[in-house]
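Reviewing the structure listed below.
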Amino acid sequence: MLDSPLQQLVCRMGQPVAGNPTQFMMQRAFAAAGLDWLYLTFEVCPENLSDAVRGMRAMEFQGANFTIPHKIAVIEHLDRLSETAALMGAVNCVYREDGQLVGDNTDGQAFVESLRNVTDPAGKKVVLLGAGGAARAIGVELGRAGVAELTIINRTPETGQTLVDLLIDHVHLSARLIPWKGQLAVPDGTDILVNATPIGLLDPDAPVPLDMKSVRPPMVVTDVILNPPDTWLLRQAAQRGCTTLNGLGMLVQQGVIAFRRWTGQDADPIVMREAVEEYLEI
Ligand code: NDP
């Protein structure tokens, strides 16, 4: 046993990080693949982010996931960014390449992979609620997936306009902003509605301020919230006959992409999905 190889380490850093199934899901995926890897979760406050990344580098972690509030702040501590992360200006997945720490963003790709289970976004008219980190990633990847038109609805118009400009200038997408005031109606002709705000996080009864009469079939309604997976918006949309999609598939797809980046192997998404459902007791 003295010469047995060291266990490989990966981790997740954020604040707060409790209540997220990622560690449980990744450990199950490593075990299913027969890999002796360890995934740890660290509560790291913004003041300690620099030291935490230095520690990760010194201890030769193979990679990490970064979540709220570190997705932008971590960039200055990395060696380089993927083209996607540079465009989005945010990192959620770091991997080691030739001794360097490389920042990538898999939020959008994971969302689109999950969405394809219910509909192909190509040629569709999409409404995206929110313009934060998740929305930026989703907007860029929906553009790459060939959506016909993207409408951003955001509470703070300046933030929304920044995303619209990014999509027009760098993704060459037809995009526009509707400032979010009061009970907004979803525009006629919308094929896909995406909630990329935290409304509903840890509160299954938090209403999304929309005129729900405007949410009707054949609209596909999706939510990035994963805990609870059955948000108020999704329940309302399902009652109205819409096809719905929760945030669990996005979480699993992010794990699948990170697993491949870190280990060079493919993960089993079924094992990961079952782990997430077991963790959330659904
Ligand atoms: P950010 O803080 O970067 O952005 C939040 C966005 O939501 C902003 O546009 C903000 O608007 C808007 N918003 C927040 N509160 C309200 C409100 N009460 N009413 C209207 N708009 C509101 O967060 P992220 O984009 O990083 O994360 C958003 C959600 O996505 C989180 O719940 C996170 O857990 C989830 N997520 C899920 C993933 C998954 O795998 N399923 C992956 C990544 C994220 P404004 O600009 O006005 O502040």
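Whatever order the structure lists ligands and atoms in, that order sets their numbers, starting from 1. Quick caveat, the model's predicted, so the values are computed rather than measured.
Close N/O approach between K71 and ligand 1 is not found [any backbone or side-chain N/O within under 3.5 Å]. For the pair V224 and ligand 1, the shortest N or O to N or O distance falls below 3.5 Å. Below 3.5 Å of separation, one finds an N or O of G132 facing an N or O of ligand 1. At least one N/O-N/O distance between N154 and ligand 1 falls below 3.5 Å. Remark: ligand 1 and G130 share no N or O pair separated by less than 3.5 Å (distance only, no angle test). In terms of polar-atom proximity, defined here as any N/O pair under 3.5 Å, G247 does make such a contact with ligand 1. Considering backbone and side-chain N/O atoms, A134 comes within less than 3.5 Å of an N/O atom of ligand 1.
Of all the heavy atoms of I199, the ones lying under 4.0 Å from any atom of ligand 1 belong exclusively to the side chain. With a 4.0 Å heavy-atom cut-off, ligand 1 is reached by no atom of L129. Proximity of T197 to ligand 1, defined as any heavy-atom pair under 4.0 Å, is shared by backbone and side chain alike. Proximity of D107 to ligand 1, defined as any heavy-atom pair under 4.0 Å, is confined to the side chain (atoms from C-beta onward). Contacts with ligand 1 closer than 4.0 Å are made by backbone heavy atoms (N, CA, C, O) of A196 only, the side chain lying farther away.
A distance of 6.0 Å or more separates the ring centres of F24 and Y39.
Which parts of ligand 1 touch I225 is read off a 4.0 Å heavy-atom cut-off, strictly below it: atoms 32 (O). Distances below 4.0 Å separate heavy atoms of L251 from the following atoms of ligand 1: 40 (O). In summary, the atoms of ligand 1 found under 4.0 Å from a heavy atom of P198, numbered by their order in the structure, are 5 (C), 7 (O), 13 (N), 14 (C), 15 (N), 32 (O). Listed by number with element, the atoms of ligand 1 under 4.0 angstrom from any heavy atom of L226 are 39 (C), 40 (O), 41 (N).
Using a cut-off of 4.0 Å between Lys/Arg side-chain N and Asp/Glu carboxylate O, D268 and R28 are scored as not salt-bridged. Between R80 and E97 a salt bridge is recorded (basic side-chain N to carboxylate O distance below 4.0 Å).
Nearest to atom 45 (P) of ligand 1 among the protein's heavy atoms is T156 OG1, 3.4 Å. Considering only non-hydrogen protein atoms, atom 40 (O) of ligand 1 sits nearest to Q254 NE2, 2.6 Å. In terms of protein heavy-atom proximity, atom 23 (O) of ligand 1 is closest to I68 CD1, 4.2 Å.
Panel note: side chain W180, backbone L129; no donor-acceptor pair is recorded below 3.5 Å. Of the possible donor and acceptor atoms, none in the side chain of R136 sits under 3.5 Å from a partner among the backbone N and O of G108. A donor-acceptor contact shorter than 3.5 Å is absent between the side chain of T119 and the backbone of P121.
Interatomic distance, OG1 of T190 versus CG of D188, reported as 7.5 Å (0.5 Å rounding). With values rounded to the nearest 0.5 angstrom, E113 atom CD is found 12.0 Å from Q254 atom CD.
Within the 4.0 Å cut-off (strictly below), no protein heavy atom is located near atom 2 (O) of ligand 1. Atom 33 (C) of ligand 1 lies below 4.0 Å from none of the non-hydrogen atoms of the protein.
More than 12 heavy atoms of other residues, nucleotides or ligands lie within 6.0 Å of CZ in R235, so this atom counts as buried by the packing criterion.
Note on L210: it does not cluster hydrophobically with L128, by side-chain heavy-atom contacts below 4.5 Å among ILVMFWY residues. By the criterion of side-chain heavy atoms lying less than 4.5 angstrom apart, applied directly or through intervening Ile, Leu, Val, Met, Phe, Trp or Tyr residues, V118 is not grouped with L234; the two fall into different hydrophobic clusters.
A175 and L167 make their closest contact through CB-CB, 4.1 Å (heavy atoms, listed as atom of the first residue, atom of the second, distance).
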